[in-house]
Structure formats: C-alpha cells, structure tokens
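All remarks here apply to the structure that follows.
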Amino acid sequence: MEQIPQIPKDKFKLIHDENNADQEKIGTPSLTYMQDVRRRLFNNKVAVVCLSLLSIIVVVAVLAPVIAPHNPNAQQVTMSNLPPKLGNLNIPGMNGYQNMGGKMVDAYKQAGAPDGTFYILGTDYLGRDLLSRIIYGTRLSLVVAVLATLVDLLIGVPYGIVSGWKGGKTDTFMQRIVEIVSSIPNLIVVILMMIVLKPGLTSIVIALAITGWVTMARLVRAQTFQLKEQEYILAARTLGEPSMKIATKHLIPNLSSTIIIQTMFTIPNAIFFEAFLSFIGIGIPAPNASLGTLLSDGQKAFRFLPYQMWAPAIILSIIMIATNLLGDGLRDAFDPQSSEN
Amino acid sequence: MSDQKEVIVSVKNLKQYFNIGKPNMVKAVDDVSFDIYKGETFGLVGESGSGKSTTGRSIIRLYNPTDGHIYFNGQDISTIKSHGPKMKEFRREMQMIFQDPYASLNPRMKVKDIIAEGLDVHHLVNSEDERDKRVRELLDMVNLNPEHMTRYPYEFSGGQRQRIGIARALAVDPQFIIADEPISALDVSIQAQVVNLMQDIQKKKGLTYLFIAHDLSMVKYISDRIAVMYRGKIVELADSDEIYNNPLHAYTKSLLSAIPVPDPEIEKTRTRIDFDHKRPFLDDQRLQEVLPGHFLYCNDEQAAKIKN
Amino acid sequence: MAKYILKRILYLFLTLFIIATITFFMMKMLPGTPFSNENRMSAEQLKIVKAQYGLDQSVFVQYVRYIGGLLQGNLGTSFQFNNEPVTALIGQRIVPSMQIGAQAMVVGTIGGILLGAIAAIRKNTWVDTLATFISILGLSIPSFVLAVLLQFYLAYKWKIYPVALWDNFQSSVLPTLALSALPLGTVARFMRTEMVDVLSSDYIELAKSKGNSNWKVVTKHALRNSLIPVVTIIGPMAVSVMTGSMVVENIFSIPGIGEQFVKSITTNDYPTIMGLTIFYSFLLIIVYLIVDILYGLIDPRIRLGNGGKE
Amino acid sequence: MDKILEVKNLHVDFDTYNGVVHAIRGVDFHLNAGETLAIVGESGSGKSITVRSILQLLAKNGTISQGEVLYHGDDLLQRSDKEMDKLRGNKISMIFQDPMTSLDPTMTIGKQVAEPLLIHNNVSKKDALKRAEEVLRLVGIPNPKARMNDYPHQFSGGQRQRIVIAIAIVNYPEILIADEPTTALDVTVQAQIIDLLKELQQKIGTSIIFITHDLGVVAGIADRVAVMYAGRLVEYGSVNDVFYNPQHPYTWGLLDSMPTLDTSESDRLNSIPGTPPNLLNPPKGDAFAPRNAYAMAIDEEEQPPFFKVSKHHYAATWLLHPDAPKVTPPASILKRYEKFKTLGGNVENV
C-alpha cells in the first residue's frame with residue numbers, strides 16, 4: 001500500500017470522451033423470452049428425454065393406422081393368448097415360448113400359427129394383436145388429453161381472465177360458481193354422466209368439460225389479479241388501450257407460462273381418468289381399446305399371462321411420468337429463479 | 001405570484017375510498033383540493049399510506065373517484081365515461097411515469113412496441129416506417145440508443161428502463177405527466193440521470209409535472225410547489241422554498257427534521273421533531289391560505305394568528 | 001371466526017342441496033326403469049313395485065319426497081340389494097372403507113411431508129432427485145396398476161400378505177399401500193415447493209443468524225411454516241383416496257363402500273348410486289370444511305385478522 | 001484502538017445459471033471496538049455479501065474463494081458451521097433489511113426474542129422470556145408485557161424493525177451487523193430507528209457495521225466509512241475524510257448526484273453516466289473507468305492500488321499517483337474541501 005508503483009507516464013493521459021454512447025451499449029445477444037425458455041428447457045436433460053418420449057408416442061398414435069401391424073379389433077380365436085414374439089430373434093421373454101406346466105413350450109407352434117407369424121407384444125384372449133391395441137388405445141388416451149386441454153383453454157382460461165379482470169361483484173359471483181362446482185367431487189359428476197349418457201368418448205369429454213376447467217380458472221384468475229396491478233397494465237390503461245387489447249397484448253402472453261404448466265398437469269389427469277373409468281367398466285365400451293380397458297382385461301389374466309397387463313401399464317406410466325416431469329421442467333424453464341435460489 | 005398563472009389541473013374536494021361499506025373501508029384520499037399551474041412541477045410528498053399515489057391515480061382516472069371533481073384545462077374529467085371518445089382524447093393529454101422500472105414494462109414485448117403502444121392506440125402513425133421513425137426519435141429524446149428498439153426490457157438496467165417508460169409516456173405528446181415515485185427504486189447515481197432528463201424534456205416541451213415522492217430532498221430540488229400529504233389529507237401546501245424555510249404544520253416539521261443530509265456536521269446538530277400521530281385532525285380544521293400562496297390544514301383561529 | 005364457520009356450514013347445505021337436486025333429475029332423465037329388463041315381472045307386478053317405490057307419482061312429488069327424506073337422513077332404498085335402505089348399506093360397509101382410507105391418508109401425508117422436507121433440505125443433490133423421482137412415481141402409477149402389482153408379487157408370489165381377504169390388520173396393508181401412493185406423491189411435491197420457498201425466506205436467515213443449528217432452523221421455523229399450506233391439499237387428497245378406493249377395494253375384494261358403488265353402477269341400482277353420491281359429497285364437503293377451519297386455527301395471520309396495528 | 005474484526009482479501013463467487021459471478025473481488029477492512037463503520041454502495045456492489053461472509057450466511061451457491069475474517073485475530077473462515085453457530089446471535093448478530101419478512105410469521109414475538117438467549121445461555125424459558133420483555137421495552141415497544149404473545153403481523157413496520165433489533169441485541173453482542181436496516185422504512189421511522197441504534201450502542205457498547213446506500217444516513221451514524229463499488233472498496237476513512245475530503249471519482253459522483261436542501265433548481269444535478277459493470281466478466285482495470293469522467297489509460301489496464309491520503313484515509317484511484325495529472329473535482333466537492341479546511345483537515349494530493 002505504501003509503495004507507489006512505477007507506471008509509464010503516458011498511461012496517465014485522461015481518455016474520457018464526452019460521448020457516453022458506449023456505456024449504453026448492450027453486449028449480450030438479444031434473446032426473446034421464449035428463446036430463453038427454450039434454451040433452458042433444452043439444457044434440462046430430463047425434460048428433453050421426456051419431450052422426446054412423448055413426441056414418439058404422439059407420432060406413433062397419430063400414425064396408428066399406418067404403424068399398427070394388425071387391425072386392433074380383429075379377433076382370431078385360434079391365435080388367443082399368444083406370448084410376445086419379436087421375429088425369429090431368440091430373445092428370452094420375446095421368443096414366443098410360454099411356461100406350460102413347468103415346461104417352456106413354443107406357444108405359436110402349439111396354436112398352429114403359420115411360420116413367420118409373430119405378435120411383438122402377443123395377443124389377448126380373443127387373439128387380437130396387443131401391440132396394435134395399445135397403439136390405438138394410446139391414441140384414444142391422447143384424444144381425451146387433447147380434448148381436456150381444449151376444455152381448459154376454452155373454458156378455464158377465459159373464465160379466469162374475466163373473473164380476475166372484472167373483480168368486484170362479477171368476480172364474487174363467478175367464484176361462488178367455481179366453489180360449488182369444485183366442492184362436488186368430480187368423480188361423481190363423471191359417474192353420473194356415464195350413467196345418464198352412454199359410456200363412451202363423448203360422455204367422458206362432457207364430464208371433463210363440466211369439472212375439468214375449475215383448476216385452470218382458479219390459477220388464471222389469481223394470476224390475472226396480480227397482473228392487473230402490474231404497472232405495465234396500468235400504463236396500457238392510461239394510454240387508452242381497450243380491455244380486449246390489454247387481454248390479448250398483455251395478459252395472455254404473461255399468463256402463458258401458467259397456462260402451459262397447468263396443461264401439463266391436466267393431460268395426465270385426463271388420461272388417468274379415462275383409464276380409471278374404463279378399468280371399472282364404464283369408460284370406453286368394447287370392442288374399442290383404450291389403455292384403461294387393456295389394463296382391465298390384462299388384470300384378469302395377470303397371474304398367468306402377465307405380459308397382457310405389463311405392456312399397457314408401462315405405456316400408461318411412461319406417459320404419466322413424462323408429462324409430470326416435463327411439467328416440472330417447463331416450470332423451471334419459465335421461472336428460473338424457482339430452481340436457482 | 002402564482003395567481004397570474006394558468007391552471008391546468010384543478011382538484012376539488014377529491015375523495016377516494018376503497019371497500020366502501022365494509023369493515024375494512026379505507027379513506028385513501030379524503031377531501032383533497034389543489035391546483036396545478038401550467039408549466040410547473042408540483043411535488044406531492046408523504047409517507048407510505050398517505051394517499052399520494054392514490055391521488056395521482058385518481059387524477060389520471062385509473063380509479064373512479066368516490067366524490068369530488070377533477071378539472072383538466074377547465075373540463076371536468078372526474079365523470080367522463082371509462083370507455084368513450086372523450087376518455088380517449090383525455091388519455092392523450094395526460095400521461096404517467098411509474099415507480100418500478102421492472103414492473104412497468106411488459107417483459108414479453110419489444111422496446112419499440114412498448115414505446116409505440118400509445119401511437120397504435122391513438123392511430124398517430126400511418127405506416128410501419130413512420131412508426132419506427134417516431135420510436136427512434138423518442139429513444140433519442142431519452143438518450144437511449146435507437147438501435148436498441150428491437151430488444152426486450154430485461155436487457156436494460158433500471159435507469160434505462162425508466163427512460164423507456166418516459167419515452168412511452170411522451171409518445172402521445174401529453175401536456176401533463178404524473179410521475180409516481182419515478183426514482184425511488186433507482187440507485188442514487190442513477191436517480192440524477194432520470195431527474196435531469198425529466199427536467200430537460202420539461203423545458204423542451206413545456207410540460208407540467210405532478211411529481212409524487214417520499215424523498216423530500218429530491219422533491220424540493222425538482223418542484224416549484226409542494227403539497228405534503230398525511231393520512232389522505234393535504235396538511236400543507238406552498239412554494240418549495242417556503243415549505244422548507246417556513247414549515248407551519250407539525251407534521252411537515254417532523255418530516256423535514258427527519259431527512260438525513262450527506263453532511264456529517266449538519267447531521268451532528270440535527271434534532272428530530274416527533275409528531276403525535278394519535279389525534280392528527282380536528283373537526284374544525286380545514287386547508288386554508290394562511291400566508292400568500294401558503295396553505296395550512298388548521299382551524300380559523302390558528303390561521304388568523306399566523307396571518308397577523 | 002364463529003361467523004365464518006356458520007357461513008361455511010350454510011354453504012355446505014346449499015351445495016348438498018344442489019348436488020341432491022342435480023343427482024335426482026339426472027336419474028330421472030334415464031330411459032326406462034331398473035325393472036324394465038326384468039322380464040319375469042308382469043305389468044301388474046311392475047305397477048305394484050312402482051307404487052311401492054313411489055315411482056308412479058309425478059316427478060315433482062318424487063323430488064319433494066326425496067329431499068324430505070334426505071332431511072330426515074333417509075338416502076333411499078336399494079333396488080337390488082335385498083331392498084335395504086342405503087343408509088343401512090353404508091353402515092355395514094363403512095368400517096373397512098374408513099380404515100383403509102384413513103390409513104392411506106396418514107401414511108401418504110406423513111410420508112409425503114418427510115419426503116418433501118428431505119428433498120427441500122437437500123435441494124439439488126441426489127437425495128432431492130431420488131425423493132422427487134419417488135413422488136413422481138407415486139403421482140404417475142395409477143392406484144389400480146399398483147394394486148394389481150402389489151397383490152401379485154407381495155401376496156400371490158411371495159405370500160407375505162393375504163391375497164384378498166378382509167379380517168385383520170395384515171389384510172389392510174396392501175390396499176393402504178396402493179392407495180397412499182398418490183397422496184404421498186402429491187404431498188411430497190407440494191411440501192418440497194413450500195419448504196424451498198420458506199427456506200429461502202428472510203426469517204429463516206434471521207433464525208440462522210441467531211445461532212440456531214441447521215437442524216433447529218428446520219424443526220423450529222421451516223417445518224411449521226411449510227406445513228400450514230399443506231393443510232389446504234388434504235381436501236383434494238381425500239377426493240383422490242376416495243376415487244382410488246373404488247378400484248382398490250374391488251381388486252382386494254374389500255367389503256367397503258367403494259366396492260358397493262362400483263357394483264351399483266354396473267347393476268344400474270339408481271337409488272344406491274344416488275344415495276352414495278350424496279353420502280360421498282357430504283363426506284368431502286365436511287373434509288373441506290374441517291380443513292378450512294383448521295387452516296384458520298393454525299395460521300395466526302388468519303386467526304387474528306390481517307390488519308397491522310399502527 | 002482495538003481491531004476486533006479484520007477482513008482481509010475477501011473474494012466471494014456465486015455460481016449462477018449464466019456463469020460464475022465474482023461478487024467480491026478482494027475486500028479489506030477492519031472494525032474497531034465501539035465504533036460504527038458504514039459500508040456504502042449501490043445495489044449489486046457487494047456490501048451485503050461482504051458482511052454475510054463474516055457470519056458465513058451466504059446463499060447456497062455462494063463460496064468464499066479466498067481471504068480471512070479475523071475475529072480477535074482468529075480466522076472465522078476456518079471454523080465449522082457448528083462453531084459459527086456459537087458466535088451467531090451471541091457475539092456477532094445481524095439486523096436485516098426488510099422488517100416485514102424477517103420475522104417468523106407463526107411464532108409469537110416473545111419467543112422469537114427469547115430464542116437467542118435460550119440457544120446461547122443456560123437459562124430457563126421463564127427467565128429468557130422475562131429478559132425478552134425487558135429488551136422489548138428497551139427498544140421502545142410500548143406495553144411489552146401484553147404484546148409478548150402477539151404475532152409479527154400485528155405490528156407496524158417500524159415496530160417490527162424494533163423487534164428485529166431486540167432479537168439482535170438480546171445477548172449484548174460485541175458486533176452488530178445492520179444490513180440496510182432502514183431502507184424499507186419511511187423517513188420519520190428511519191430517523192427513530194437510527195436514534196435507537198445510536199442509543200443502544202451507548203448503552204451496551206457494541207460495535208456496529210452499518211450497511212446502506214444512503215449517504216445521508218451514513219453522515220449521521222458512522223465514525224468511519226468504506227465506499228464500495230463493483231465488489232471492491234474504492235475509498236475508506238473517517239466520516240469527515242470521506243464526506244469533506246473525498247478522493248475517488250466514484251465518491252465524488254455519489255456525493256454530487258444527491259441534491260442537498262440548499263441545491264437550487266438552477267444547479268443541475270451531476271449524474272454518473274452509465275451503469276455498474278456486470279461481474280460475470282469483471283473488467284480488467286478499474287471497474288469504474290467506463291463511467292469515470294477522469295479515467296486515464298492506466299485505468300483500463302490495471303486495478304489501482306490503495307493510495308494513502310492521510311493516516312487513516314485511503315483511496316483506490318490512479319489519480320493519486322504522483323505522475324497523474326491534477327484534475328479539478330466537481331464544484332460541490334470543492335465546497336466540501338473548503339469545509340474540510342475549516343474543520344482543520346489537510347487537503348493533500350489535489
């Protein structure tokens with residue numbers, strides 16, 4: 001400290017220039033909020049794996065008619081309850097052999113299946129190809145998920161925005177309705193709908209429409225309440241921006257993270273619900289396949305033919321786990337502080 | 001004196017209550033009257049909960065006043081409908097600068113769209129080129145680099161964001177701007193940037209400001225006249241020098257005595273005056289002119305005493 | 001507080017009334033009667049039976065009667081199960097349902113709280129990852145899949161527990177496990193979020209700066225503050241346990257209400273469905289009410305009002 | 001004078017999503033017994049992190065990468081968390097910025113004030129609560145006996161800060177670290193709290209490290225002042241040295257950008273242009289150089305060392321190098337120099 005360093009004299013020239021444009025410069029590349037979210041999401045390995053798995057499942061489901069090797073509803077009684085067989089590759093558990101009275105027997109030969117016939121995931125008690133049924137079942141589950149999401153977006157989001165934005169008496173009234181709807185157990189609404197209407201996709205969707213939007217409406221309302229006091233919304237109001245414009249320009253873009261994250265939790269719920277209803281026998285009617293009916297059928301034969309339940313159970317669990325984890329990943333990506341501090 | 005000046009905003013017996021009829025009713029602004037003259041900076045100071053921000057928001061009609069009138073250029077704007085041509089017209093004349101540089105800009109919008117919001121609402125530009133040109137001019141006016149118009153708010157510092165907020169308000173060419181604690185969220189070294197800019201623009205455009213703040217030294221510096229608010233009422237109003245040199249209300253005195261000054265010698269001798277918050281207002285008191293241009297919330301007896 | 005509780009109880013009755021009304025009219029919208037497919041009944045017999053159940057009167061009269069019955073605690077009479085009153089059915093079957101339901105709630109809540117708290121304390125370590133993974137599994141594997149797997153491996157293959165029997169505590173273990181997975185996952189995730197929030201709050205920093213050990217900071221300050229909001233999800237949890245109990249009771253052949261409900265659905269036993277619906281709703285609304293009151297009691301900010309005294 | 005605390009060459013890094021932030025880049029200072037040391041700086045300058053490092057209360061992603069914190073000559077950074085617990089709230093305690101959030105909302109204030117007593121002393125619960133009541137009275141909570149069982153939300157902001165202070169002083173600490181204790185408060189309440197702290201210092205003889213960004217507050221409370229910028233100290237000295245004989249252009253800028261009551265509207269405020277640097281990539285030379293109207297070529301290349309101004313007054317600016325050109329500070333600073341002379345000070349190096 002006491003020692004004064006030796007510095008060449010010319011270094012002591014004053015270099016300041018009056019133009020301070022430099023100080024206002026921004027060095028970092030410009031990223032939009034969404035680009036930043038995407039960057040964070042793709043840096044999250046778990047989320048990427050989940051997203052890829054879900055994408056594959058969605059693609060397979062969409063292309064079901066092309067990909068499914070058999071007609072999912074075609075019965076072939078002679079080929080009933082065949083174990084999985086993956087071509088002529090001799091993989092244990094996937095080679096068409098079955099334990100019968102303590103001996104491994106080639107079930108395909110026993111059933112008299114012509115050479116070259118194989119069912120990758122085996123067949124059920126009516127000789128229907130399980131793989132094809134799972135693909136179609138998944139497709140149906142995804143349809144339910146999409147419809148449930150639409151209900152969320154078309155009923156829940158506008159309801160929440162209107163309730164939160166209007167406030168006062170309108171809000172009190174709208175919240176009373178939400179309270180009543182949410183204190184009726186949604187399962188009961190669904191079951192009542194199932195009984196009154198015929199079991200099937202329509203009644204599942206109507207039932208979901210009656211109860212499914214409530215959570216979304218609540219979240220959106222709470223968020224809208226916060227947002228509407230934000231100064232940029234006040235600024236828009238002082239500029240004379242009409243309410244509709246404020247909703248589309250300011251509210252919805254800033255609500256998007258809440259909406260997307262909530263959707264990621266609506267999807268597994270809807271899929272679970274369909275499976276549950278089909279499992280107790282009031283969901284999708286036979287012969288159509290859904291993950292729930294496959295599980296229900298598989299459960300009955302689980303002791304002897306476990307593969308009939310394992311396959312749909314695994315697919316269902318993967319969809320559920322992947323959407324849940326992706327939801328978490330999205331939450332972290334949208335709100336980096338929540339995971340950092 | 002100020003009597004010859006032209007009044008731009010006149011607030012008459014403004015009341016702004018919340019939760020009316022409920023046990024948690026708040027009289028945020030309770031019978032407040034004052035005039036703001038064209039071209040001046042009118043400072044409104046008070047501590048948190050005094051109603052100063054609410055007053056500003058009522059004037060710009062973010063709230064519907066419970067009672068009283070607000071005249072802007074002689075026209076009563078306290079009763080015009082929230083959605084109508086008159087309101088739209090009014091929204092061009094009066095603008096606001098907000099407190100929080102982080103909350104006052106929509107994080108999902110580009111700077112140019114934020115600034116151009118007013119231009120779009122009032123159809124002040126006819127083409128994309130004209131819009132960009134206007135935004136460039138506005139950015140230049142607030143000393144920001146026009147190249148940054150395609151950036152997003154999070155890329156800017158607090159002071160820069162505050163200047164973007166100013167540019168947004170200026171876009172519609174208002175006559176009157178309410179600045180609601182525009183510098184209280186900024187660092188000391190940045191505050192001066194914003195204050196200087198506001199003064200430059202005022203001179204250039206002949207603007208009138210209502211400057212709301214709790215920092216008395218800055219308010220004194222920037223304002224021509226100051227009103228001190230306490231619990232929803234104006235307790236004292238005078239020229240800024242007069243308020244500082246000759247404070248009459250006990251609350252004003254207490255407030256002034258509490259301001260710390262960056263000078264150790266002054267600080268050594270400063271004595272704090274306590275104010276009794278138990279019964280601040282009495283029934284026979286009202287805001288009245290006790291000295292030329294100096295208004296005090298007091299009863300007639302006190303007023304007479306001071307006048308003599 | 002008393003006024004608030006009174007208001008809530010009033011709402012409870014209003015909601016129940018609405019549910020009863022909706023249920024009643026939905027049942028009336030159904031085509032035919034539960035007897036129409038029983039060919040052996042002659043028109044005469046049918047008329048007698050209908051009169052017996054009051055089905056020959058106008059819908060409005062039936063409605064008034066039904067609501068009147070409800071007010072006296074009469075949930076109607078089953079068509080199928082020996083003409084027993086629904087209340088009697090519930091009485092016979094409530095014990096096993098309540099037992100596994102309560103056990104699952106307790107296991108799920110306590111397990112979830114511990115799991116969530118540990119994850120939050122060891123945030124961003126492998127412990128957190130593991131705990132998060134367990135809670136995601138709990139959320140993602142449907143209770144009926146879990147029930148089948150537990151039954152197959154723990155009972156059928158390894159013979160640790162009875163397969164499908166209902167006599168002692170042993171037999172309630174597997175259904176409890178299957179049912180508690182979902183509440184466990186839900187509570188653990190909620191608890192983790194709350195606790196992470198609390199742990200980064202200023203008062204935790206102050207508690208640490210007082211010289212509290214990390215353990216004491218957690219037990220004396222963080223835990224209590226994160227537990228208060230967890231109370232709010234007990235309601236929705238009760239719903240999920242109830243939903244799950246229907247299939248779980250079926251799989252394990254437990255003579256409970258859930259099993260009865262499913263049976264009634266498959267046999268179109270409308271009065272029983274109606275009665276059980278109202279019973280379930282009543283239970284849930286009571287749970288919601290208790291949770292709300294509890295929340296007000298344990299959080300001083302609500303109990304004592306929110307206004308700061310100047 | 002006794003140095004009871006000495007911080008040497010402190011470096012603190014934070015691991016963030018965007019990379020490592022070098023928040024503290026070599027800070028040295030000491031605290032004498034019985035004095036009040038004020039650390040001033042803008043948000044992000046690292047003042048809060050500096051004092052949190054003393055008690056090792058950093059966020060999880062923060063690490064002290066270098067340095068020593070000597071408490072009576074004993075390096076605290078070598079101590080385990082358990083050993084630190086014995087010191088925290090006992091010998092060294094802290095007051096936090098936001099009274100609205102720093103009290104546990106679900107615990108009565110009596111218990112919260114008694115807590116440090118129970119942790120560090122072998123006292124009964126009853127005695128601790130009795131003592132807590134006395135301390136609450138000492139900090140000016142009216143009717144403390146009745147209010148011991150109240151919860152934080154039942155108190156106003158000013159009262160809550162008094163309670164936070166009561167918690168901090170209940171064990172008569174040797175060192176009290178006050179981290180912006182008045183920033184969240186109204187100006188009249190701020191004045192009361194500052195008076196309270198001064199009074200308590202007299203009564204219990206504690207040494208105070210006071211962090212703030214408000215130079216007015218500093219002028220009223222500090223014996224010595226350290227000015228911080230971008231993770232380093234730029235100037236330190238007695239309160240008179242820093243206020244009347246400032247040497248660093250940043251200190252000039254800070255003092256010059258504040259209006260005083262005798263600044264009239266015709267005097268233009270002098271603002272410091274630009275914004276503080278991003279500490280993800282700290283500049284090579286003087287961090288203030290880009291905003292400095294008096295910057296020299298050397299400032300962009302090398303960090304200035306501390307130059308001695310007078311016995312206890314140092315400033316880190318190349319302007320104090322004997323070879324540097326003589327520059328004229330802003331007018332308001334020159335006025336301060338005048339005052340320094342009348343106070344008997346000696347203006348050197350200008």
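Sequence lines set the chain letters: A, B, ... in the order given, protein chains first and strands last, and positions in each chain run from 1.
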| Quick one: does D:Val21's side chain get under 4.5 Å of D:Asp15's, heavy atoms only? | no
| field | Partner chain C: residue of D:Val164, D:Ile95, D:Leu103 with the largest heavy-atom pair count (under 4.5 Å) | value | D:Leu103
| said: Can you confirm whether D:Gln154 sits close enough to D:Arg147 that some side-chain heavy atom of one is under 4.5 Å from a side-chain heavy atom of the other? | reply: yes
| query | Would you call D:Glu174-D:Lys91 a salt bridge at under 4.0 Å N-O? | reply | no
| message | Quick one about C:Ser97 and C:Glu249 (side-chain donor to acceptor, distance below 3.5 Å, no hydrogens or angles considered), yes or no? | response | yes
| D:Gln112 versus chain C, the contacting section by heavy-atom distance below 4.5 Å | both
| Options D:Asp81, D:Asp98, D:Asp104, ranked by heavy-atom pairs under 4.5 Å with chain C, top entry | D:Asp104
| field | Side chains of C:Tyr295 and C:Asp299 in contact at under 4.5 Å (non-hydrogen atoms) | value | yes
| task | Considering only heavy atoms and a distance below 4.5 Å, find which of C:Asn214, C:Ile204, C:Asn225 pairs most often with chain D. | result | C:Asn225
| field | D:Arg88 to D:Tyr71, cation-pi by 6.0 Å centre distance and 45° axis angle | value | no
| message | Could you check whether D:Lys82 pairs with D:Asp85 (Lys NZ or Arg NE/NH1/NH2 to Asp/Glu carboxylate O, under 4.0 Å)? | response | no
| request: Considering only heavy atoms and a distance below 4.5 Å, find which of D:Ile177, D:Thr106, D:Leu118 pairs most often with chain C. | output: D:Thr106
| said: Please classify the contact between C:Ser209 and chain D as side chain, backbone, both or neither, with a heavy-atom cut-off of under 4.5 Å. | reply: both
| field | Heavy-atom proximity to chain C below 4.5 Å, by part of D:Leu57 | value | both
| Which answer fits C:Ile228, side chain, backbone, both or neither, if we ask what part of it has an atom under 4.5 Å from a heavy atom of chain D? | side chain
| Given that the side chain runs from C-beta out, which part of D:Ile167 has a heavy atom under 4.5 Å from chain C: side chain, backbone, both or neither? | side chain
| remark: Okay, C:Lys220 and chain D: the region with an atom under 4.5 Å from a heavy atom over there is both
